[in-house]
Protein chains: 2
Amino acid sequence: MRREVTLRDVAELAGVSSRTVSNVVNGYANVTEHTRERVQRAVEQLGYRPNVLARNLAQGRSGQIAVVVPYLDTPYFSELLQSVIRAARKSGYNVLIDQTDGDPEHERAFIAHGSRRLLFDGIIFSPLGLDQQALADRDPNLPLVILGERSSDGSFDHVGIDDVAASRQATEHLLDLGRQRVAAIGDQPYATGEAAQRRTQGFREAHAARGLTPREDLIISTPRFNRPDGARAMAHLLDLPEPPDAVFCYSDLVALGAIRTIVSRGLRVPEDVAVIGYDDIEDGRFSNPTITTISPDKEMIATTAVERLLLRITSATPPEGLEVRAPHKLIIRESTAGPGHRSC
Amino acid sequence: MRREVTLRDVAELAGVSSRTVSNVVNGYANVTEHTRERVQRAVEQLGYRPNVLARNLAQGRSGQIAVVVPYLDTPYFSELLQSVIRAARKSGYNVLIDQTDGDPEHERAFIAHGSRRLLFDGIIFSPLGLDQQALADRDPNLPLVILGERSSDGSFDHVGIDDVAASRQATEHLLDLGRQRVAAIGDQPYATGEAAQRRTQGFREAHAARGLTPREDLIISTPRFNRPDGARAMAHLLDLPEPPDAVFCYSDLVALGAIRTIVSRGLRVPEDVAVIGYDDIEDGRFSNPTITTISPDKEMIATTAVERLLLRITSATPPEGLEVRAPHKLIIRESTAGPGHRSC
DNA sequence: CTACGCTTTTGCAGCGCTGCAAAGCAAAGC
DNA sequence: GCTTTGCTTTGCAGCGCTGCAAAAGCGTAG
């Protein structure tokens, strides 16, 4: 492996100082056309490519942001990531991806910045469950944007939809259909389950607004928001003496699992059990039946997160911690409206 | 933002040279217990964390590998990525993710290493379509492992399953069911569609082995392997005067789209049309019906790819380009076997 | 008591680039 | 003609770390 071409090599060939080559390469102003051309030619002739590492070291920044998600194969996250990567690239940033596998220890390690100084300039973090302590222990100098989970304490930005309102809306939709026994799948009644609890809160509020009280045995907890958990929870619900006739699932994956269970027992969606999901992942637009869902504006969440993070990275004094509410909407499909319903 | 703690700061506090601190931090041999302890204490007291950038620059490596995939939100890729990230992390490497959005120009830019020298030490590349030229133009010094698409020319490793054999097996399964008009969705009869063409080849071979010739109008091309393409292609097939009674879809996503179309027309899967997919993504295990599919050993593909790449990165002389065949198996589910079929 | 071999520690240079401030230079002003 | 002004170009130091080879320490042998 021969030595790589450096700035100095180019400088020598072009007969200028290496600093001038650097100026040309970085497109700085104040370089005569003549010089620029000469340098440009030398660059091409030698096939020079800047050493990003050296540049970063000299500049004291890495040009990378880390995105931390629990699971990469969860469609919601991969769809979000896709937009994040695009937005970051547009600003010249690379994206380093890390998955925590939902391990709280792992999440904590990440936010503490661990031993990886300068590997990235900031973090976009979508925690599964992050306790107050972990947040308090974090490196205060590391720009941070949190997605979804918890609201800002002022030292970082938070971007997410209004979970309580969205969940209330979802539940109201089921009640509007005239369903009598509406269940909820996905509660997480423990410290790290804030996001889940907000959904449960919306679920309760929707009932309360009509003078109803949800049956407690219809609120099912699940460790994760995935298909198997949804399938299992639904099986449990159907085994009840008085099974539900509608279910609010805290993610589309849970809904897909739940529907699978319902259908495999010979029941029909939505006739026997109406199902509503959350996230609006592509799967739900092509499943049988298609899934009614809460659709967060993922594109906006992603671009806002990147925007805020870059602002934090580049600004001298850390900006006020912002609480960004992304819009969401209810998308009605077959799993509540019946076959043939065209989604909007 | 105060200055970060450096090796020198620690050295000063511990009363040793900075080189010794480096030795301790990196766990090099030949450091007395006494010294190690003193240094350790100083490290903790100051909260020292190594600057990865500086280390990498000094060592001439970045400790990062890039994984390039067409689309991050395609479950097959995100499932694969998940395993790749895990395997890389285990060896102390970080993973930089890039999506090409299926843009050949973008793919070419990546493999040429572009202007990003030393940002990563090697690439795991899962191209959508990569022509011979792009491969020829690539940076020969950049360790490369290619997934799926094309076989090795000796200068890189290739990891993938035997597409022809797997496709033949899939098609045979449909023929074994006694289906008369077996269609194929996903052909790509142009330069960059090698992977698709291998599947079509297997499709033809399966027919030929029984003295049959597939109807050409039942082989449908699609630009991508996603749900909408599958849905569209299936609609076209069902509009034929003699529609198929079985379909081999070149990905599970295509199968999901196809099934959606079939069901929404009031037909049944598999009674009216049997459907088989490819990739064994989680979606297909919870869809209605569940999808019979070709299941590649993704875990092995991922770990082998990482293993080979790291070998290339660390070995002085580039190893022989290896052609790795990962195993696959046919998993029979409801979309061909009928309701209630338990997957293996 | 010196010499030798071993382990431990150190100093220095340098990875390739950029920030900074000074130097060079040509055109404009007095 | 000489100074001033403003644009170009340059030199140097240094980002924080590691490779290298030399130096120091230290126990043992001659």
Side-chain angles (χ1 to χ4, degrees), chain A residues 1-40 42-43 46-64 92 115-121 314 316, chain B residues 1-40 42-43 46-64 92 115-119 121 316:
Chain A
M1 199 129 113
R2 69 184 196 297
R3 207 177 60 81
E4 295 273 355
V5 182
T6 73
L7 268 190
R8 215 176 324 278
D9 299 328
V10 178
E12 212 160 299
L13 179 62
V16 296
S17 79
S18 66
R19 196 61 186 77
T20 298
V21 178
S22 168
N23 285 339
V24 171
V25 169
N26 291 288
Y28 287 156
N30 299 341
V31 181
T32 28
E33 197 46 48
H34 173 242
T35 316
R36 179 185 310 283
E37 220 164 78
R38 275 243 310 266
V39 171
Q40 210 68 266
V43 162
L46 295 176
Y48 168 76
R49 290 162 315 175
N51 181 324
V52 188
L53 238 47
R55 172 184 298 171
N56 291 344
L57 178 61
Q59 291 186 148
R61 35 149 275 169
S62 73
Q64 299 187 145
S115 55
R116 334 162 85 238
R117 179 151 66 95
L118 260 187
L119 197 50
F120 39 78
D121 300 330
T314 52
Chain B
M1 199 128 116
R2 72 184 193 294
R3 207 175 60 80
E4 295 273 355
V5 182
T6 72
L7 269 190
R8 216 178 323 278
D9 298 329
V10 179
E12 213 159 297
L13 179 63
V16 296
S17 78
S18 66
R19 197 60 186 78
T20 298
V21 178
S22 169
N23 285 338
V24 172
V25 170
N26 292 287
Y28 287 157
N30 300 341
V31 181
T32 22
E33 198 45 49
H34 172 244
T35 315
R36 177 185 313 281
E37 221 164 76
R38 274 242 311 265
V39 171
Q40 211 67 267
V43 163
L46 296 176
Y48 169 75
R49 291 161 315 174
N51 181 323
V52 188
L53 236 47
R55 172 183 296 170
N56 290 345
L57 178 61
Q59 291 186 145
R61 35 149 275 169
S62 72
Q64 299 189 142
S115 55
R116 333 163 84 235
R117 180 150 64 97
L118 259 186
L119 196 52
D121 300 330

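Residue numbers start from 1 in every chain, and the chains themselves are labelled A, B, ... in the order their sequence lines are given, proteins ahead of strands.
For A:Thr6, no side-chain nitrogen or oxygen approaches OP1 or OP2 of C:dG16 to under 4.0 Å. For A:Ser18, no side-chain nitrogen or oxygen approaches OP1 or OP2 of C:dG16 to under 4.0 Å. Between A:Tyr28 and C:dC17 there is no side-chain polar atom (N or O) within less than 4.0 angstrom of OP1 or OP2. Residue B:Ser22 places at least one side-chain N or O under 4.0 Å from the OP1 or OP2 atom of D:dT18. Between D:dC7 and A:Asn30, no contact under 4.0 Å exists linking OP1 or OP2 to a side-chain N or O.
Rounded to an integer number of Å, the gap from CG of B:Asn26 to C1' of D:dG19 is 12 Å. Rounded to a whole Å, the CD atom of A:Glu12 is 13 Å from the P atom of D:dT10. If you measure from atom CZ of A:Arg8 to atom P of D:dT9, you get 19 Å, rounded to the nearest angstrom. Nucleotide D:dC7 holds its P atom 15 Å from the CZ atom of A:Arg36, rounded to whole Å. Here the C1' atom of nucleotide D:dG19 and the CZ atom of B:Arg61 are 15 Å apart, to the nearest Å. Atom CG of B:Asn51 and atom P of D:dG14 are 17 Å apart (whole Å). Atom pair B:Asn23:CG and D:dA24:P shows a separation of 18 Å (rounding to whole Å applied).
A side-chain donor-acceptor contact under 3.5 Å links A:Thr6 to the backbone of A:Arg8. Using modelled atom types, no side-chain atom of B:Asn56 and backbone atom of B:Leu53 make a donor-acceptor pair closer than 3.5 Å.
Taking only side-chain atoms of B:Leu7, from C-beta outward, the nucleotide of C:dC17, D:dT18, C:dT8 with the closest atom is D:dT18. Taking every side-chain heavy atom of A:Ala54 into account, C:dG16 is the closest of C:dG16, C:dT18, D:dG16.
With 3.5 Å as the limit, one finds no donor-acceptor pair spanning the side chains of A:Asn51 and A:Arg55.
Each of B:Arg19 and B:Leu57 has a nearest nucleotide on DNA chain D; the 5'-most of these lies closest to B:Leu57. In terms of position on DNA chain C, the residue among B:Ala58 and B:Val31 whose nearest nucleotide sits closer to the 5' end is B:Val31. Annotation: of the two residues near DNA chain C, A:Gln59 and B:Thr35, the 5′-most nearest-nucleotide partner is B:Thr35.
Among the heavy atoms of the strands lying under 4.0 Å from B:Arg55 are primed sugar atoms or P, OP1, OP2 only; no base atom is included. Using a 4.0 Å heavy-atom distance criterion, A:Thr20 is classed as a base contact. Nucleic acid contact for A:Asn56: none, since no nucleic acid atom lies under 4.0 Å from a heavy atom of the residue.
Using N1 to N3 plus N6-O4 or O6-N4 for Watson-Crick, or N1-O2 and O6-N3 for G-U wobble, each under 3.5 Å, C:dG19 pairs with D:dC12.
Side chains of A:Leu119 and B:Gln64 form a contact here, defined as non-hydrogen atoms less than 4.5 Å apart. For the pair A:Val43/A:Val39, a side-chain contact is recorded, criterion being any heavy-atom separation below 4.5 Å from C-beta on.
The distance from the CZ atom of B:Arg36 to the CG atom of B:Asn30 is 9.5 Å, given to the nearest 0.5 Å.
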